[in-house]
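In what follows, chains carry the letters A, B, and so on, assigned in the order in which the sequence lines appear, proteins first and then strands, with residues in each chain numbered from 1. Both backbone and side-chain heavy atoms feed into the values below; hydrogens, waters and symmetry mates do not.
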Amino acid sequence: MKRANRLSRSRDFDAVYRQGRSVSSRFLVLYWFGQEEPAAPRFGLSVPKAVGNAVARNKLKRQLREVWHARLDRVPAGRDYVLIVRPGVAEAATANGFDWLGERVDEVLAMTQAAA
RNA sequence: GUCGCAGGCCGGGUGACCGCGGGCCUUCGGGCUCGAGGAAAGUCCGGACACCGAAGGGCAGGACGCUCCCGCGAGGGAGGCGGCGAAAGCCGACGGACAGUGGCACAGAAAACAGACCGCCGCCAGCGCAUCUCCGGAGACGCUGACGGUAAGGGUGAAACGGUGGGGUAAGAGCUCACCAGCGGCCCUGGCGACAGGACCGGCUCGCCAAACCCCGUCCGGUGCAAGGCGAACAGGCUCCGCUGACGCAGCCCGCCGAGGAGCCGGGUAGCCGCACAGAUGGAUGGUCACCCUCGACAGAAUCCGGCUUACAGGCCUGCUACGGAA
RNA sequence: GGCGCAUUCGUCUAGUGGCCUAGGACACCGCCCUCUCACGGCGGCGGCACGGGUUCGAAUCCCGUAUGCGCCU
């Protein structure tokens, strides 16, 4: 994922949290907020320590980046996104596989369409 | 061969396509190359490095504590001693309790320096009484009480003031003797040493706790890369202290220095350096497929290095103990 | 990443190395009181985070592990 497609400042995260909207499922929470000068979508990830140890968190982040990368052209542009992982995802992901993770992301993305 | 013990090692592999981070090259299409661990972990010890005043002194505080060797040190290796084990082997913060202070619950007479509740013994007094009698008394024995001696025995306790036996005594006691245990001194032998073995002498016995305060010896200044250095753009502004000594080593005191310093707002911010032969600053190793095997544990670098500790599927190698078998 | 602190019934907490079989309050359960509930009374259940060590003896002292919290940006 290119640098232009990533959230890179703590301020940007704060802006999305404070001023953006959010949807959530059993496993994920997705915030989004419109950019000041609409451009390509930017993406940020937050995996709390409660999810697991460092190895489990790193693995989840890599897989979720892969998932997001595959959906870049389908995601509405002009927005910043922050995806938060909720506890329990690591165990479910190892049990159900990579495709299952993709379905969970599609789930919350569909909810943003409904909310908009 | 089985069980056990010690030490060391590996920690899925190969290939294809699509991706990620750094570096180099580039004809800007891309190409080449490197890219997590033995513990990267816990942050328990050191050190490097950086700042605090030049890295000063004392107190306070902290860490460590058998011997030798290596090491600045933390620590490691080899040994001694003590404990566990049948053995190989494992475990141990292991200086000092006659420098001082303090503690040892319950139980028990008594818990640390000696003392004496019961008991035992002597003597005196009173009372009772067998017996004797010169009828005045004497009185074995028993009871009670005062005084004195003694510490052998006493349902305790984690621990009881050496143990066993002989002598000795009114009763007893290291009071004395023999052996044993322990303590101190001196000497001999072995060892660099801790220490081990032995001989002699002495007083006869001196409890445990210092991971209780403490004493002795050795060592340690503090803070930590969010340390610290450079440092914008807009755009500078305000308050206070100070040669009668400020600010300054941060717990305290001393000594020392000597002109600037402290606080607030933008801002000591952004960014760069620190920062690496992996190496970022939202933080790099993933996805899919195929084949093979023993179907893969614990687990992910954030300044670096060394040590300690903890976690770990399965497998391999070497040495050793015990038992069994074969030659 | 670095530094510091804490952990005792379900919850909040007491606890000079021995009076500890760890005390109290709230909660929970049973009984009594009441026409019933509440209040009140009596009784019960239930805990020293875990593993070692020092000591005759550890919730307490020491070491390690686990968990939680705070500060530095």
Would Gln19(A) and Phe33(A) satisfy side chain to side chain contact (heavy atoms under 4.5 Å, CB included), going step by step from the backbone distance to the final call? CA-CA 7 Å; Gln19(A) 304 173 46; Phe33(A) 179 59; 3.4 Å; yes
So which nucleotide from [options] ends up closest to the side chain of [X]?
X	options	result
Arg65(A)	rG300(B), rG286(B), rA284(B)	rA284(B)
Ala54(A)	rG287(B), rA301(B), rA284(B)	rA301(B)
Asn53(A)	rA299(B), rG282(B), rA284(B)	rA299(B)
Gln63(A)	rG287(B), rG300(B), rG282(B)	rG287(B)

When you match Leu45(A) and Val55(A) each to their closest nucleotide on RNA chain B, which lands nearer the 5' end?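 Between the two, 5'-proximity favours Leu45(A).
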Which residue lies more 5' along RNA chain B, comparing Gly44(A) with Asp99(A) via nearest heavy atoms: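 The answer here is Gly44(A).
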Please confirm whether any donor atom in the side chain of Arg62(A) sits under 3.5 Å from an acceptor in the base of rG19(B), or the reverse.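 For Arg62(A), whose side chain was compared with the base of rG19(B), there is no donor-acceptor pair (under 3.5 Å).
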Using atom [atom1] in both nucleotides, what's the gap between [N] and [M] to the nearest angstrom?
N	M	atom1	value
rG242(B)	rA63(B)	P	44 Å
rU318(B)	rG274(B)	C1'	48 Å
rC257(B)	rC275(B)	C1'	37 Å
rC273(B)	rG11(B)	C1'	40 Å
rC317(B)	rU310(B)	C1'	27 Å
rA40(B)	rG8(B)	P	16 Å
rG7(B)	rA78(B)	P	10 Å
rC117(B)	rG108(B)	C1'	11 Å

Spell out, as yes or no, whether a donor-acceptor pair under 3.5 Å connects the side chain of Arg86(A) to the backbone of Ser25(A).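 Yes, because the side chain of Arg86(A) sits within donor-acceptor range (under 3.5 Å) of the backbone of Ser25(A).
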Could you state the CG-C1' distance from Leu83(A) to rG282(B), rounded to the nearest angstrom?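 After rounding, the reported distance stands at 14 Å.
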Interatomic distance, Leu72(A) CG vs rC18(B) P [rounded to whole Å]: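 Taking atom P of rC18(B) as the reference, CG of Leu72(A) is at 18 Å.
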Of His69(A), Arg71(A), Arg65(A), which meets side chain to side chain contact (heavy atoms under 4.5 Å, CB included) against Val67(A)?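 Among His69(A), Arg71(A), Arg65(A), the one meeting side chain to side chain contact (heavy atoms under 4.5 Å, CB included) with Val67(A) is Arg71(A).
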Any-strand Watson-Crick or G-U partner of [N], both distances under 3.5 Å:
N	result
rG128(B)	rC141(B)
rU34(C)	none
rA151(B)	none
rU205(B)	rA181(B)
rC289(B)	rG15(B)

Based on the glycosidic angle (syn within 90° of 0, else anti), state the conformation of rG82(B).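 In terms of base orientation relative to the sugar, rG82(B) is anti.
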Could you go through residues 47-54 of chain A and list every donor-acceptor pair under 3.5 Å that involves a side-chain atom there, pairing it with any protein atom two or more places apart or in another chain?
residue	atom	partner	partner atom	Å
Asn53(A)	OD1	Val55(A)	N	3.3
Asn53(A)	OD1	Ala56(A)	N	3.0

Describe the nucleic acid contact of Lys59(A) in one word from base, sugar-phosphate, nothing, applying a heavy-atom distance below 4.0 Å.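 It contacts sugar-phosphate atoms only.
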